[in-house]
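Just so you know, these numbers use all the heavy atoms, side chains as well, and skip hydrogens, waters and symmetry mates.
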Amino acid sequence: MAGRLLGQLLVMGGAVVSRAVVQAYRQAIVNVQRTRAAQEAVNGIRRASKAMTEQEARQILGISEKTSWEEIMQVATRMLFRL
């Protein structure tokens, strides 16, 4: 009788522990996903803050809004390659 009771306790204890392990694993996965989402948001903000506006680019190239595409390419090429 005592052996049977001990066996049942071990089985029940194992089931409780295994459920706890599975629940902890699921929670760890959720935490990782939240962390990744937060990191992606921060990286997106960093990338957006480093982007140059069109107005800044025009000021650097020294061109106006009415400048043709060909002239823009010529100015950009001269600046990049110092021709």
Side-chain angles (χ1 to χ4, degrees):
M1 186 76 174
R4 183 177 176 190
L5 182 62
L6 182 61
Q8 287 178 343
L9 284 173
L10 287 174
V11 170
M12 288 177 61
V16 169
V17 169
S18 64
R19 284 185 197 144
V21 167
V22 169
Q23 185 179 7
Y25 182 74
R26 286 182 183 163
Q27 187 62 43
I29 290 173
V30 169
N31 290 343
V32 166
Q33 290 172 344
R34 286 182 187 160
T35 302
R36 286 184 185 159
Q39 287 175 347
E40 285 300 319
V42 168
N43 288 340
I45 292 169
R46 284 183 185 156
R47 274 184 252 128
S49 67
K50 291 181 181 178
M52 183 184 303
T53 66
E54 183 179 341
Q55 183 62 31
E56 290 173 327
R58 288 186 185 282
Q59 288 176 347
I60 291 169
L61 293 174
I63 57 175
S64 68
E65 293 180 12
K66 296 178 182 179
T67 306
S68 70
W69 183 249
E70 291 80 22
E71 291 175 289
I72 293 171
M73 291 304 294
Q74 288 174 356
V75 171
T77 303
R78 274 189 301 230
M79 288 188 80
L80 289 173
F81 299 111
R82 303 278 178 181
L83 298 176

Ignoring hydrogens, what is the shortest heavy-atom contact between I72 and I63? Give both atom names and the distance.
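In terms of heavy atoms, the two residues are closest at CG1-CD1, 3.5 Å.
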
Ignoring hydrogens, what is the shortest heavy-atom contact between T67 and E71? Give both atom names and the distance.
CG2-CB, 3.5 Å

Is [Y] reachable from [X] through a run of hydrophobic residues whose side-chain heavy atoms are each under 4.5 Å from the next?
| X | Y | answer |
| --- | --- | --- |
| V16 | L6 | no |
| V30 | V22 | no |
| W69 | V75 | yes |

Taking R58 for its side chain and S64 for its backbone only, find out whether a donor-acceptor pair lies under 3.5 Å.
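It does hold such a pair.
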
Go through it in stages, so that I can follow the logic: the residues are Q27 and N31, the test is side-chain hydrogen bond (donor to acceptor under 3.5 Å, both in side chains), and I'd like the CA-CA distance, side-chain angles, deciding distance and then a yes or no.
CA-CA 6 Å; Q27 187 62 43; N31 290 343; 3.2 Å; yes

Close side-chain approach of Q33 and I29, heavy atoms under 4.5 Å:
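Heavy-atom side-chain distance check passes, below 4.5 Å.
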
Interatomic distance, L61 atom CG to M73 atom CE [nearest 0.5 angstrom]:
10.5 Å

Please report the interatomic distance CD1(I60) to CD(Q55), rounded to the nearest 0.5 Å.
10.5 Å

Mark yes when over 12 heavy atoms from residues, nucleotides or ligands other than E56 sit less than 6.0 Å from its CD; otherwise mark no.
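Yes - once you tally the heavy atoms of other residues, nucleotides and ligands closer than 6.0 Å, there are more than 12.
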
So does Q8 have more than 12 non-hydrogen atoms from other groups sitting under 6.0 Å from CD?
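Enclosed.
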
